[in-house]
Amino acid sequence: MTETIPLTIKSAPGKAATIGGGVQAMAHEILSHLERLHETGETGAIDLKSLPMAPDEFHGIKKMLGQGELDLTVHMDGPTRIRETAFPGVWWVQHKGENDRILAEYIEIARFPDFLSAQPDHIAEAVRHLRDRLEEQSQGAA
Amino acid sequence: MSIDNRKERPTIGQIMDENGVGRRRFLKYCAGITALMAMPPGMTAAFAQQLRAARRPTIIYMPFQECTGCLESLTRSFAPSLESLMFETISLDYNHTLQAAAGDAAEEARHEAMEEAWGEYILICDGSIPTKMDGIYGTSAGHSFTDQLHEAAEGAAAIVAVGVCASFGGVGAAYPNPTGAVGVSEIIKDKPIINVPGCPPIPEVMTGTLVSFLASGVPDLDNNLRPKAFFGNTIHDRCYRRRFYDRGLFAESFDDEGARNGWCLYKLGCRGPTTYNACATIKWNGGTSWPVEAGHGCLGCSEPEFWDQGGFYEPVTSKLFNDTGQIAAGAAAGVAVGAAAAVAANRRKKKLSGTADKETSS
Amino acid sequence: MSTATQNLSGAPAAEERLSPSEREERAMSEFAHHFGAYTATNLESCIHCGMCADACHFYIATEDPKYTPILKAEPFKQAYRRESGAFAPFYKLLGLKKKVTVDELEEWQELLFDSCSQCGRCSLICPMGIEVAEMIEIGRRGMAAAGLAPKALMDRARHQAETGQPEESEKPYPEVLREIGKEHDLEVKLDKDKADILVCLPRTDLDQNPESVAAMIKIFDRLGADYTFRSDALIAENYGYYAGSRGLQKRITSRITDAAKKLGASLVIVPECGHAYTALRWQAAEILGERLPFRVRHVTEFLAEQLEAGKLKLSKVNGDTFAFHDPCQLVRKGGIMDAPRQLMDAMDVDLREMHNKKGFSFCCGGGGGVNDLESAKDLRNRAQTMKLREIDDTGAKRFLTSCSDCRVSFNEAGENQDWNKKTESLIELVATQIKE
Amino acid sequence: MTLLEFSRGPMLHFALFVFVFAVLWRLISTFMLGWRKRKSEWRTTSGSSAVKGAIAVGNRSWPHPEFLERTAFGEAVGYGYHIGLFAIILLGAPHVIFWKNLFGISATWWPTIPSGIIHVISVVTIFLLLIATIRRYMHPPLRRISNFDDWFTLVILFGLMISGVMAVFGLGGRYEIILAVHIISFNVLLIWFPFSKLMHAFYILPARFFIGYTHAKKGAST
């Protein structure tokens, strides 16, 4: 039982130590979120836009997190890109508006990115819609 | 006016559905807004839900002593996209400057709009209000600005003071303030007031404030009544040049090596350390750039007494001693009093030591 | 004022009859006499760093904070702040500095007399460069003026001013001197009318160390100097200085200076006594307010000059190792840095230096009149213990010094603590090694 | 008028006035109290004594090794916070700007230390001041001779240092308020200066010179 289970990753995580303190701190924050997700299922997120980061730090974090299996782009008033990092459960989410302007960019720690899930109020409405449809049908049948 | 003539208005969610705006498009828009407001990304979905449930607001936009710069800024805030739709949704029911109607027709339209949403509309004020000589420095439709403000404020759910003038008096209140100009909060005391200062304010901050008010009411405010979400940090705290400050690297003039290297502009009068605003993160012109990035220090336009903080090119810590005469007078007086004290002490010594000296001389 | 003259007339009970307010007034008056730019700079400079405590043998020996040197100067400082400092009127008006009261002065008597030997080590450590010892000395002067100096010192000072010797002795000291001469088969040149050199003697040597007196006579004889002792100016010590009384100190000093002037002497020799040196070498001219028409030299200083001039020839001491105690008043405060060592070098003395030597030497524990105070006995014993240990640490067999007062102190300490060394006089050693 | 404007406007003006006025008052009155003419036969001439006096001004900065065993700790702490304070005040970038503005000089030669180093120095200096304070309280002679002057001066220094650090690190409230508190504590320091032990900054020169001079004349140890 000593053999390690290999993670399926596209690019190996970079070495954070060579980048600097800011990246280290970020890595620790992600780790604590990830532990919580693992133990309690609680999700978390870290906003990247509000952190005053130097470009090299930003790239340092990107490099450290690496690239996982998924890399989706959704076009919707500009591209929204959702990447799974080399650490499953850690997602890199970037919303761009028209003209490639970044609206929001954050790291999400969750089983699945919230943006892609159906929201409760959406679902509530879907329940209503589907019920209406069925009623229409049954009325039509009658 | 009373609440009897109020009209039921659709929710924002309904408007979005009518315009065929997908839910994820809306969610994405909200992600942008929450990011602007530095809300945790996990809050986005909840925020979107609240915003969808909010009713389409009525907005009354009242210009006073203003230059239309803030309105220019506001109307330029949106690229033709979902944001513009949001803007239309919260569009102005009354605005002097933008609407086609003029004169009595305009006044009538305003009163109608106010009546239809009495007690629920948002009043946006732009410009300072002159108070000297019963406010005759600013009148419109035969009423002074103060009277108009009082009337419009009465039926408002909240007031948003847009720009440094409406917030704190701004340029109108600059020394010597001939018209007795003040900000809205000096006159209206019984309504929630949100200040969105700046000259002009960042457009995203204006819409962000409005949207967050729609979703969850009056946001957390600082002691200058500014939303903490946008005005919680200084420019200096969030400045990308901060690390040069920390390393003691400063531009000494606008054309020196330091300026070319993009070093800290503190010594050139940057007001970053004492200015609370979101320029460093949200930036201007759709995130293109902002003053410090363009090589000029912050002027501190979102702060009270913006115009009276000393020269723009004097550092924050400056505006110090300029009266050398006073120092010289102090020095001269010190020497004189010191000499007098010594003379008095020597006289006292002679008196006190009279016996002792006699003792030794005997 | 009548009280003043009474004091000077030396009526023993005069100062005991003073009322508290008279005492306060007199202390203030004496303090005021010392107000000036120099003392002011010293008093204004203190930053209360407490370092002077670490220089003081009395503090180091006891670790009692009240022995912090600058604290001893407090009455004078207080008087200065209230009456002479730049903001004196405010201190006075707002009551920030109270008048120096008799109670305070009485409290300070122990600090100013028992626990200060005027050794001046504190003045060396002060990072601000304050002459702490001098400020304490002024404190003593205020005490003396107020009639609050220890009776043991005051009585002796008055006696010395009146009669030339501090206490009645079995025989008058000139008589004692003559007998010592007879005993050692030496001719005593006493009371010559004219002489180039006036030599004084410590009364402690006359009382306790006749060998030392004989050594002085022998040395001056061998040098063939034109010298004399004078009955009216025989005793070198100045109890007026010990007690802090400016008036008495001046009268006692005048005995020597007047005699020297009468003799037409060009040189006055201070014998092995530290305070006598300070009193005559550095304070006589100041207290008399005139330049002295003669030079004042300590005997070691004089002998070193003779050595250099080739007039004094010394033979070598063999064998033993020596330690030497630098008397504070001669070395640290008096500036006789090299003379004793020049003499020892000439005798090829195998000198083992103490850890604190020359200007940094610890006091013997009994200088400045402390030896004369019964009340100070315990305190000085504790300081002496420290000193004896330092001497023993040198590993030297024999122990030398050049001050009779220090010898008194070391002898007392030696007796108390069963110390195995005898304190010897440098002059005696020179006398035994002097070549024909 | 905001607190910040008050602190660096009228209050600073007032504090500077008091400082210059009272410092000169105290110094002038001290040095005009009269000099005694000394009459002893000196070992050295006045000229060479003056040289020795000047040397003593520098020499006293370094303790004699004989005393170090007992005083090294106190000396080190004292030295430490003095160096710290001077480095911060004279070489910290915002302070340099402050002085330049105050004196109206451009002084492009005036160097600054990178803020990161100043931050470290500040924290160390506060720590050393704290040790000095504890020592003043714990060390018996120090405690015995300490008075209001000593304690109050420390309070002001702490106020100054802590508000400065808080302003720099953005702690405890809004920057301009903390900055104002910082400048106000500086003003209080300026006003307190001439009446307090802080005057040692001026007296240290003449006092050391005098002891060097008078001891040289006697040949005594300095």
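Letters A, B, ... are given to chains in the order of the sequence lines, protein chains preceding strands, and every chain is numbered from 1. Since we're looking at a predicted model, the values are computed, not measured.
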Contacting region of D:Thr30 [heavy-atom separation from chain C under 4.5 Å]: both
Please flag which part of C:Met128 lies under 4.5 Å from any non-hydrogen atom of chain D: side chain, backbone, both or neither. both
Using non-hydrogen atoms only, which part of D:Ser29 is less than 4.5 Å away from chain C: side chain, backbone, both, or neither? side chain
Answer with side chain, backbone, both or neither: which region of D:Asp149 has an atom nearer than 4.5 Å to a non-hydrogen atom of chain C? neither
Of the backbone (N, CA, C, O) and the side chain (C-beta and beyond), which part of D:Thr153 lies under 4.5 Å from a heavy atom of chain C, both, or neither? neither
Measure the acute angle between the ring planes of C:Phe31 and C:Phe76, then classify it against the limits of 30° and 60° as parallel, tilted or perpendicular. tilted
Heavy-atom proximity to chain C below 4.5 Å, by part of D:Arg36: side chain
With a 4.5 Å cut-off on heavy-atom pairs, point out which of D:Glu41, D:Arg135, D:Arg208, D:Lys197 contacts chain C the most. D:Glu41
Heavy-atom pairs under 4.5 Å with chain D are the metric here; pick the option from C:Ser45, C:Ala40, C:Cys52 that has the most. C:Ser45
Could you tell me whether the side chain of D:Arg144 and the main chain of C:Lys66 form a donor-acceptor pair under 3.5 Å? no
Interchain contact, D:Phe202 with chain C, by part (heavy-atom threshold 4.5 Å): neither
Which class fits the ring pair C:Trp282 and C:Tyr277: parallel under 30°, tilted 30 to 60°, perpendicular over 60°? perpendicular
Check for me whether the distance between the ring centres of D:Trp35 and D:Phe210 falls short of 6.0 Å. yes
Using non-hydrogen atoms and a 4.5 Å limit, figure out which bit of D:Pro63 sits close to chain C: side chain, backbone, both or neither. neither
